[in-house]
Protein chains: 2
Amino acid sequence: MTGPAKKRTPRQRDPERTRAQLLDAALHEFADHGFHGARVDRITRAVGCNPRLLYHYFGSKEKLYIAALEHIFADIRAQERELDLDRQEPVQAMRRLVEFTFDFFDGNPLFVKLTRNENLLEGRFIAQIAAIRTSSQPLLEAIGAIMARGQAQGVFGHRYDPLQIYVTIVALSAHHLNNGHTLSAIFGIDLLSQDWRSARRAHTVDLVMNALSRGDSSQG
Amino acid sequence: MTGPAKKRTPRQRDPERTRAQLLDAALHEFADHGFHGARVDRITRAVGCNPRLLYHYFGSKEKLYIAALEHIFADIRAQERELDLDRQEPVQAMRRLVEFTFDFFDGNPLFVKLTRNENLLEGRFIAQIAAIRTSSQPLLEAIGAIMARGQAQGVFGHRYDPLQIYVTIVALSAHHLNNGHTLSAIFGIDLLSQDWRSARRAHTVDLVMNALSRGDSSQG
DNA sequence: ATGTTAATTCATAAAATACTTACTTAGGCG
DNA sequence: CGCCTAAGTAAGTATTTTATGAATTAACAT
């Protein structure tokens, strides 16, 4: 019976929450400014805590960055696992993968931005994250399996390298997000508008399905 | 002792050369580290000149960055103009455009890197470069013309939006360069190796031509 | 209640970093 | 020759930014 002792103010003494808030703020800061442009100070101010805390929980700016990177990559793994591609017909499975991939990038600007920055750094930190490789191997195998089944059934034509196909899907899904600002400036059309992105989605699905299909099926 | 007075070291008093060296060093520095990560000090040390000179010629780090961006974008314009797409048969013209685009990105890592960083900055500076929009309009028109001719001749099928097609070409050509480090780390395969890039080239040409063609022509 | 440990704050050290002020020298031109 | 401007140098400085050392406060088991 601790009766009135229960009155703990919610913000006080909540390490997990503080840590989570710091990580979330870091995610946004690194996404918006890159590793070098990110300011530790801005992160702590966004959370409303002391700079000292950041070092208490994460040790350094680098380690915080790595934690953020790891966190965001864990997300895509989780979502990919729900896809359940093996139980569907090849054509439908492939269409579903393409749509999922497109929508994932479209709906996760943080992922897109952090990945871009990590590539600017030549992948210096992603290599330090264990279990990043193992997570995506099943995906490649799933793609290979879909293609093999499709070929056996005669609905798919020439068999491409699964990795090429996956890179193609990602490329078509994400390039306009990765390079939206320069492309928009160059062509005077907003590639990041909802309209353009919707059109891009249809185009992406179209292209991939067209590439895999036998070629004598779909022409209108 | 004015005898050896002729000993003017070649680096002295050569403004054009110094300026060009600064710009070139800046190009590499900004490409390798991004705007925020770039160090003015490193640039001047690479040239072997005094920091003051950089400000003498360019005014500020920002203006130097803009100058570098402008410089690298001037390159692609010049090369694009040589393509001469209107005089070739549609299929060949399109193939040539795809190959050129692929090879351009493949051979210009500086362009790829600077573009990536400019997108990280949300295109803050590219908008300030006049005449960047006008330069790429002819390209879109050329693509539209090729597609119209191809359709009229019956060698191309359904007509896509030229901008979608161009973004597709660029996406397939550049995504593995833009995201090579993360993709390589994830899949455990070096996407930046010469072998993989060669395979990617064939794949890119294949996909684009396949997308445009009527679909009943090429299947082996 | 009390001693221990973890969480938090304060104050600031220490290192980079973009940019300047003040000066020197080179070389074209009358 | 001697002036004048542009090119170049030497040596800062003001400011920002990462990172800590030590004091303070809350939580919790005993």
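The structure displayed is predicted, hence computed values, not measured ones. Numbers restart at 1 for each chain; the letters A, B, ... are given by sequence-line order, proteins then strands.
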So, using ring pair (Phe, Tyr, Trp, His ring centres under 6.0 Å) as the criterion, who are the partners of [X] when residues are at least two apart?
X      : result
B:H176 : B:F102, B:W196
B:H203 : A:Y160
A:Y57  : none
A:Y55  : none

When the distance from [atom1] of [X] to [atom2] of [N] is rounded to whole Å, what number comes out?
X     : N      : atom1 : atom2 : value
A:H33 : D:dT18 : NE2   : C1'   : 17 Å
B:N50 : D:dA10 : CG    : C1'   : 7 Å
A:L64 : D:dA19 : CG    : C1'   : 14 Å
B:H56 : C:dT24 : NE2   : P     : 18 Å
B:E16 : C:dA26 : CD    : P     : 20 Å
A:F58 : D:dA19 : CZ    : P     : 14 Å

For this session: Name the nucleic acid region contacted by B:Y57, choosing base, sugar-phosphate or nothing; use a 4.0 angstrom heavy-atom cut-off, strictly under.
Result: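 Counting heavy atoms under 4.0 Å across all strands, the contact made by B:Y57 is with sugar-phosphate only.
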Problem set entry | A:F58 vs A:R19 side-chain heavy atoms within contact, under 4.5 Å |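 When only atoms from C-beta onward are counted, A:R19 and A:F58 do touch, with a gap below 4.5 Å.
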Kindly write out the residues that satisfy salt bridge (Lys or Arg N to Asp or Glu O under 4.0 Å) with [X], not counting sequence neighbours, or none if the list is empty.
X     : answer
B:D32 : B:K113
A:E29 : A:R42
B:D86 : none

Exercise. Under 4.0 Å between a side-chain N/O of B:T18 and OP1 or OP2 of D:dA7, yes or no?
Worked result: no
Please list each protein N or O that sits under 3.5 Å from an N or O in nucleotides 21-23 of chain D, with the distance.
residue, atom, partner, partner atom, Å
D:dG21, O6, A:R52, NE, 3.0

Exercise. Of all residues at least two apart in sequence or in a different chain, which pass the side-chain contact (heavy atoms from CB on, under 4.5 Å) check with B:D41?
Worked result: B:T44, B:R45
For this session: Check the angle between the aromatic planes of B:Y65 and B:F35 and answer parallel, tilted or perpendicular using the 30° and 60° thresholds.
Result: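 B:Y65 vs B:F35 ring planes: perpendicular.
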Exercise. How far does the helix from C:dA1-D:dT30 to C:dG30-D:dC1 bend, going by the axes of its first and last five pairs, to the nearest 10°?
Worked result: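 Here the local axes at opposite ends form an angle of 10°.
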For this session: Sugar-phosphate means primed atoms, P, OP1 and OP2; the rest is base. With that split, encode nucleotides 14-19 of chain C 5' to 3' as B, S or - using protein heavy atoms under 4.0 Å.
Result: ---SSB
Problem set entry | salt bridge (Lys or Arg N to Asp or Glu O under 4.0 Å) pairs, two or more places apart, involving residues 59-76 of chain B | none
